[in-house]
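One structure is given below, encoded as structure tokens.
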Amino acid sequence: MKHTIRSIEGTYDILPQSPSAMHRAAAWRHAEETIRAVLERFAFEEIRTPVVEPLALIARGMGGSTDIVTKEMFSFERGKTHYVLRPELTAPVMRAYLQHHMGQRPGEQRFFYFGPCFRAERPQKGRYRQFHQYGAEIIGTNDARADAEIIACTVEIYRALGLKNTKLRINTLGDAASRARYSAVLREYFAPMKDKLSAASQKRLQSNPLRILDTKLDYERDLVRNAPQLMTHVDEESLNHYEAVKAYLKRVGIDFAEDPFLVRGLDYYSRTAFEVESFDIGAQSALAGGGRYDRLAEAIGSKQAVPAVGFAAGMERLLLAMEAQDVSWPAAAPLDAFLIGLGEAAKAEVFALAFQLRRDGLHVVHGLHNRSMKAQMRTAHRLRARYCIIIGDNELASRQAQVKDMDQGTQESVPFDALPRILFSHRS
RNA sequence: GUGACCGUAGCUCAGGCGGUUAGAGCGCCAGGUUGUGGCCCUGGAGGUCGGGGGUUCAAGUCCCCUCGGUCACCCCA
């Protein structure tokens, strides 16, 4: 409680033991392994990109009017280079795709990622300054099946984890042109009632009127309710695309709700937009979100348009939801044996024996403190060791260890070289 | 960035209107067996009461500042 150095605000440690799933390594591993298994069944390939990226990638990729870019970036400069700790992974993945000319590989490209992201927001439940996202992208096709497959994969992961009490909402934003037309219509609609809008929404009127639609302020919702519908301004091709996506989802039995006011916050989205919400994790309820982003590649410098669709999901929120629903994870591998050496010569023997048993594939530990036998037995018990192996002068002389079964309380004499066989035989 | 609540041992928490050596339970360590765990008993270590300043004869307790935590707004995964 003195001036020990602490972790930075909004960051946290994941520990071997913790009552909360989010702070417990075993829960993370279980979630990660399940996620990877599903993603790999969907034929996504893992991609890993740097934690730092050029500022311009994020600023141009996500859009200059987004909150993330204008006030939530951890950025710094050295020399002439402006760096940013990545706030998300879609733009970096697209960057890698373009940089390595991955469009030259056969067919559309399917990637998944997992890693830390950074946003300088005020921490609260489900929101941290360093947080973790996993997600997947299908790059190189505008086929509606790609959209449907991304959405299906997003929810399939929750099914695989046994997560319930979630809701999938979908919408279409139309193409770039229809989105621009609709923005103009909205500006006209809201202009007369400008002074009734919140300060934030008044700014959005200029920068991105669509964002006013998903306001959470009650008095704004009333105004929004009567606003012109996005759907009536969406281009026909996008509407057809949307209908196709919905049909594919129905075909595989994915439940969804259409939400005409669902507008994703990032500028690069067009056409399909979707979000998965949990009702168990507080105000930051979005477990995952995504959509089509056919304009991102050009925004970050590609000469050609590259159609793409993807999702991103939050690990912390997933773990909070798992915890709320008592989703369990496999217990850690049990300890096969705890070795106790009494006397210097025996301790040396135990050290070597432990090494050999580990090489044989057994999970063993021996105490490194010079403590009493009683204390070591107690430790063995607390570590839930299946066996205790005791070696003193007598055992050293006869090359026979005392092997105590910690469940039965029985004890027998076992030759050193028979130890692996005995320990393995009692595994189950 | 804004707001509310909170900050006493490793953990969970007690500490009426300020009063002298700051407590409990659990955990940890040791002893009760010259080489044996769980239960029980005994003892011990561990706190500059988040930090700084102020009021007062006296501050864990009151005031101010500050740093953290939690939750919400906002925004998003």
Side-chain angles (χ1 to χ4, degrees), chain A residues 1-12 15 17-19 62 65-72 86-90 113-128 130-135 154 198-201 203-204 208 211 214-217 263-266 269 274-278 281-290 310-321 338 340-343 346 369 371-395 401-411:
Chain A
M1 279 294 158
K2 292 183 188 166
H3 292 139
T4 55
I5 296 174
R6 301 175 43 89
S7 57
I8 284 170
E9 174 184 7
T11 69
Y12 61 94
L15 307 169
Q17 291 293 329
S18 168
M62 299 186 83
S65 72
T66 62
D67 283 14
I68 293 172
V69 168
T70 54
K71 53 188 194 199
E72 295 172 5
R86 65 185 182 199
E88 59 119 38
L89 274 148
T90 297
Y113 57 78
F114 181 95
C117 296
F118 305 83
R119 266 129 85 159
E121 299 177 281
R122 192 79 167 265
Q124 75 182 76
K125 187 173 186 179
R127 186 171 77 181
Y128 308 92
Q130 175 177 335
F131 62 105
H132 296 73
Q133 283 195 349
Y134 66 89
T154 306
S198 63
S201 287
K203 273 182 199 156
R204 293 188 191 117
N208 192 351
R211 294 261 306 284
D214 60 4
T215 180
K216 281 161 192 158
L217 302 173
V263 179
R264 312 247 67 238
L266 311 184
Y269 285 115
F274 69 95
E275 195 169 293
V276 180
E277 193 179 358
S278 165
I281 58 173
Q284 302 299 315
S285 60
L287 282 175
F311 81 88
M315 276 298 289
E316 285 78 4
R317 291 176 189 183
L318 170 61
L319 286 158
L320 287 171
F338 187 95
I340 298 174
L342 302 164
H369 281 294
R371 301 199 305 152
S372 71
M373 171 137 176
K374 181 185 177 121
Q376 295 194 68
M377 288 293 292
R378 191 161 44 233
T379 300
H381 178 253
R382 284 173 194 167
L383 294 177
R384 290 182 211 273
R386 183 73 178 78
Y387 287 93
C388 225
I389 295 174
I390 302 153
I391 296 173
D393 292 339
N394 296 340
E395 290 76 16
Q402 288 297 314
V403 176
K404 179 163 188 178
D405 183 318
M406 296 298 275
D407 295 336
Q408 308 295 320
T410 56
Q411 190 165 315

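Any value given below was found using the heavy atoms of this structure, including those in side chains, with hydrogens, waters and symmetry copies removed. In what follows, chains carry the letters A, B, and so on, assigned in the order in which the sequence lines appear, proteins first and then strands, with residues in each chain numbered from 1.
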Should [X] and [Y] count as side-chain neighbours, where that means a heavy-atom distance under 4.5 Å?
X: L320(A); Y: Q284(A); answer: no
X: Y12(A); Y: F131(A); answer: no
X: H369(A); Y: T379(A); answer: no
X: K404(A); Y: I389(A); answer: no

Could you state the [atom1]-[atom2] distance from [X] to [N], rounded to the nearest angstrom?
X: D393(A); N: U36(B); atom1: CG; atom2: P; result: 15 Å
X: R119(A); N: C74(B); atom1: CZ; atom2: P; result: 16 Å
X: I8(A); N: G68(B); atom1: CD1; atom2: P; result: 10 Å
X: H369(A); N: C28(B); atom1: NE2; atom2: P; result: 13 Å
X: R122(A); N: C5(B); atom1: CZ; atom2: C1'; result: 12 Å
X: Q17(A); N: C11(B); atom1: CD; atom2: P; result: 15 Å
X: Q376(A); N: G38(B); atom1: CD; atom2: P; result: 14 Å
X: M373(A); N: U36(B); atom1: CE; atom2: P; result: 6 Å

- [ ] May I have the step-by-step check of side chain to side chain contact (heavy atoms under 4.5 Å, CB included) for T11(A) and F118(A), ending in yes or no?
- [x] CA-CA 10 Å; T11(A) 69; F118(A) 305 83; over 6 Å; no
Spell out yes or no: do the side chain of [X] and the base of [N] have one donor N/O and one acceptor N/O closer than 3.5 Å?
X: K374(A); N: G35(B); result: no
X: E121(A); N: A77(B); result: yes
X: Q411(A); N: U36(B); result: yes

Nearest-Å distance once atom [atom1] is located in both [N] and [M]:
N: G68(B); M: C28(B); atom1: P; value: 33 Å
N: U56(B); M: A14(B); atom1: P; value: 32 Å
N: G50(B); M: U8(B); atom1: P; value: 6 Å
N: A9(B); M: G23(B); atom1: P; value: 14 Å
N: G19(B); M: C64(B); atom1: C1'; value: 24 Å
N: U61(B); M: G18(B); atom1: P; value: 11 Å
N: G10(B); M: C29(B); atom1: C1'; value: 13 Å
N: G31(B); M: G47(B); atom1: C1'; value: 26 Å

Open item on the list: Taking any heavy-atom pair under 4.0 Å as a contact, classify E395(A): base, sugar-phosphate, or nothing.
Closed with: base
- [ ] Could you tell me whether Q284(A) contacts a base, only the sugar-phosphate backbone, or nothing, with contacts defined as non-hydrogen atoms closer than 4.0 Å?
- [x] base
- [ ] Check every atom of U36(B), G68(B), A77(B) against the side chain of E9(A) and return the nucleotide holding the closest atom.
- [x] G68(B)
- [ ] Check every atom of C29(B), G38(B), C76(B) against the side chain of R371(A) and return the nucleotide holding the closest atom.
- [x] C29(B)
- [ ] Take the angle between the ring planes of F311(A) and Y134(A) and call it parallel below 30°, perpendicular above 60°, tilted in between.
- [x] perpendicular
TODO: For G50(B), take OP1 and OP2 only and decide whether either is under 4.0 Å from a side-chain N or O of R6(A).
DONE: no
- [ ] Indicate whether OP1 or OP2 belonging to C71(B) is found under 4.0 Å from a side-chain N or O atom of R127(A).
- [x] no
Open item on the list: When both hydrogen-bonding distances must be under 3.5 Å and the geometry is Watson-Crick or G-U wobble, what is G3(B) paired with, if anything?
Closed with: C71(B)
Open item on the list: On RNA chain B, compare the nucleotides closest to A385(A) and G10(A); which residue's is nearer the 5' end?
Closed with: A385(A)
TODO: Could you tell me whether a side-chain N or O of R122(A) sits under 3.5 Å from a main-chain N or O of G10(A), the two making a donor and an acceptor?
DONE: no
